[in-house]
Undergrad: 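If you scroll down you'll find the structure; I have some questions about it.
What you see is a predicted model; the values in this text were computed from it and never measured.
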Amino acid sequence: MTGVHSTALTLATQDGVADAYLTRPDDNAPHPSVLFYTDIMGVRPSMKRMADRLASAGYTVLAPNVFYRNGPAPVVEMPEAVTADILWDIVGKAAPVAQALPPTDAMRDALVWLDWLESSEFTTGGPAGITGYCNGGMLCLRTAGSYPDRVAAAAIVHGSHLITDAPDSPHLMAGHIKAEVFFANGDKDTVNPPEDVRRFNAVLSAAGVRHRSEMYANAQHGFSASDLLPLYDKAADERHWAGLLDLFGRTL
C-alpha cells in the first residue's frame with residue numbers, strides 16, 4: 001500500500017461538463033487505469049475512500065459523477081453515516097435520478113471516461129479495469145460490452161437490474177464482453193436475489209465470459225457501502241476487496 005494523491009476534475013462531454021474524482025499513487029508515475037462506478041447515491045466521501053483504497057494498491061482511479069446532468073455530486077444530500085430511519089428516504093430520492101439516465105447517454109459518457117484514462121500521463125494506457133456497485137454494476141456491465149477492446153477486467157458488486165424484460169436489458173451485452181468478470185453478491189440481497197444471480201451466472205457462462213462469482217452469507221444489497229449503516233457488512237466487504245484486487249492484479 002502506498003500514499004495517494006487525489007483531486008477533483010471536470011470532464012467535457014457531449015451534454016455538458018461532468019465532475020469527477022481522480023485518485024492515484026503519490027509517486028507521479030503511470031499506473032494501470034480503473035474506472036470506478038459508484039452506487040446510486042453517487043460520488044461522496046465513502047466512495048472516495050474506496051477509490052483511494054484502490055489507488056493505494058497501485059492504480060489510477062477515476063470516479064465520475066455519471067449523474068452530472070442533474071448537477072454536481074452528491075446526487076442527494078446525506079450525512080456521513082446513514083441510519084435506518086433515513087436510509088430509504090435517501091434511496092427514494094436518488095433512485096429516480098439513476099433511472100432517468102438512458103443507457104445510450106451513459107455509454108456515450110463511458111467513452112469519455114475511458115478516453116480520459118487512456119490519455120492521462122498518470123496511466124499506463126492499456127485496457128482499463130472497471131468496478132461498479134449497485135447501479136454502477138449495471139453500468140460496468142454495459143461498458144464492458146460496449147467497449148470490449150478497452151476493458152480488461154470488470155467487477156460487478158451487488159449489481160442491480162442486470163436482467164430485465166427491456167429490449168436493451170444489460171445482460172444482452174454479455175456476448176460482446178472480452179474482459180474477465182468478477183461478480184460479488186450477498187445472499188440476503190432483495191434487489192439482486194440469489195435466483196437472479198444464478199440466472200446471470202448462466203448468461204455469462206453461455207456467452208463464454210471468463211468469470212468468478214462469489215456469494216456472501218447474510219450480506220444485503222449495498223454491503224460494501226460503509227456509510228449505509230443498516231446495509232454495510234465488513235466481512236462481505238473485505239471478501240469483495242480480496243476478489244477485486246486479485247482480479248485487477250492478474251489482468252491489468
Undergrad: Mind listing the closest non-hydrogen atom pair of P64 and L35 along with its distance?
TA: CD-CD1, 3.7 Å

Undergrad: Going by an N to O cut-off under 4.0 Å, is there a salt bridge joining D233 and K188?
TA: no

Undergrad: Given 3.5 Å as the limit, does a donor-acceptor pair link the side chain of S119 with the main chain of W116, or not?
TA: yes

Undergrad: Any side-chain heavy atom of P102 within less than 4.5 Å of one from D105?
TA: yes

Undergrad: Distance-only, no hydrogens or angles: does the E180 side chain make a donor-acceptor pair with backbone N or O of A155 under 3.5 Å?
TA: no

Undergrad: For residues D15 and T13, is any side-chain donor paired with an opposing acceptor at under 3.5 Å?
TA: no

Undergrad: S33 side chain to A128 main-chain N or O, any donor-acceptor pair under 3.5 Å?
TA: no

Undergrad: Answer whether the closest heavy-atom distance between the side chains of P127 and T251 falls below 4.5 Å.
TA: no

Undergrad: Are E80 and K48 ion-paired here, with the side-chain N under 4.0 Å from a carboxylate O?
TA: no

Undergrad: Restricting to non-hydrogen atoms, name the atom on L11 and the atom on A20 that form the minimum distance, rounded to 0.1 Å.
TA: CD1-CB, 4.3 Å

Undergrad: Is E214 close to H240 at the side-chain level, that is, under 4.5 Å between some pair of heavy atoms?
TA: no

Undergrad: Any idea which heavy atoms bring P194 and D187 closest together, and the distance?
TA: CG-O, 3.6 Å

Undergrad: Ring pair (Phe, Tyr, Trp, His ring centres under 6.0 Å) between Y232 and F223: does it pass, once the steps are laid out?
TA: CA-CA 4 Å; Y232 181 64; F223 64 76; 8.7 Å; no

Undergrad: Ignoring hydrogens and angles, tell me if any N or O in the side chain of S56 forms a donor-acceptor pair with the backbone of R53 under 3.5 Å.
TA: yes

Undergrad: Run the ring-centre check on F200 versus F183 and record whether the distance is less than 6.0 Å.
TA: yes

Undergrad: Measure across A98 and I40 and return the closest heavy-atom pair with its distance rounded to 0.1 Å.
TA: CB-CG2, 3.7 Å

Undergrad: Using modelled atom types only, decide if a donor and an acceptor are shared between the side chain of T60 and the backbone of F122 within a distance under 3.5 Å.
TA: yes

Undergrad: Check this for me: does any side-chain nitrogen of one of K234 and D237 sit under 4.0 Å from a carboxylate oxygen of the other?
TA: no

Undergrad: Between D168 (side chain) and T104 (backbone), is there a donor-acceptor pair under 3.5 Å?
TA: no

Undergrad: Under a 4.0 Å threshold between the charged nitrogen and the carboxylate oxygen, would D39 count as salt-bridged to R44?
TA: yes

Undergrad: Determine the interplanar angle of the Y133 and H158 rings, folded into 0 to 90°, and report it as parallel if under 30°, tilted if 30 to 60°, perpendicular if over 60°.
TA: tilted

Undergrad: Check A12 against V112 and note the closest heavy-atom contact, atom names and distance.
TA: O-CG1, 3.6 Å

Undergrad: Using a 6.0 Å cut-off, check whether atom CD of E195 has over 12 heavy atoms from anything other than its own residue.
TA: yes

Undergrad: Determine whether T131 and F182 make a side-chain contact, defined as any pair of heavy atoms from C-beta on separated by less than 4.5 Å.
TA: no

Undergrad: To the nearest 0.5 Å, what is the distance between CE on M107 and CG on L114?
TA: 9.0 Å

Undergrad: Give a yes or no answer on whether the side chain of H211 reaches the backbone of V209 with a donor-acceptor pair at less than 3.5 Å.
TA: yes

Undergrad: Go through the side-chain N and O atoms of Y216 and N185 and say whether any donor and acceptor fall under 3.5 Å apart.
TA: no

Undergrad: I want to check something: taking the side chain as every heavy atom from C-beta on, are P103 and M138 in contact at a cut-off of under 4.5 Å?
TA: no

Undergrad: Looking at side-chain heavy atoms only, is the closest gap between R212 and L247 below 4.5 Å?
TA: no

Undergrad: I'd like to know if E77 pairs up with K93 as an ion pair, taking the criterion as any Lys NZ or Arg NE/NH1/NH2 lying under 4.0 Å from an Asp or Glu carboxylate oxygen.
TA: no

Undergrad: Roughly how far, to the nearest 0.5 Å, is CG of D115 from OG of S120?
TA: 12.5 Å

Undergrad: Does the side chain of Y21 pick up a donor-acceptor pair with the side chain of D52 at under 3.5 Å?
TA: yes

Undergrad: May I ask you to test the F36-M50 pair for a side-chain heavy-atom distance under 4.5 Å?
TA: yes

Undergrad: For residues H221 and S160, is any side-chain donor paired with an opposing acceptor at under 3.5 Å?
TA: no

Undergrad: Taking NZ, NE, NH1 and NH2 as the nitrogens, is one of them in R49 or D227 under 4.0 Å from a carboxylate oxygen of the other?
TA: no

Undergrad: Within a strict 4.5 Å, meaning less than it, do heavy atoms of the T143 and Y37 side chains meet?
TA: yes

Undergrad: Can you tell me how far CG of L101 sits from CG of N135, rounded to the nearest 0.5 angstrom?
TA: 7.5 Å

Undergrad: How long is the span from the CG atom in L62 to the CG atom in L117, to the nearest 0.5 Å?
TA: 5.0 Å

Undergrad: When you measure from the side chain of S146 to the backbone of R142, do you find a donor-acceptor pair of N or O atoms at a distance under 3.5 Å?
TA: yes

Undergrad: In Å, rounded to the nearest 0.5 Å, how long is the span from CG of N192 to SG of C134?
TA: 10.0 Å

Undergrad: Mind listing the closest non-hydrogen atom pair of G42 and V75 along with its distance?
TA: CA-CG2, 3.9 Å

Undergrad: How long is the gap from NE2 on H5 to OG1 on T7, to the nearest 0.5 Å?
TA: 5.5 Å

Undergrad: Kindly say whether H161 contributes a backbone atom to a donor-acceptor pair with the side chain of T164 at under 3.5 angstrom?
TA: no

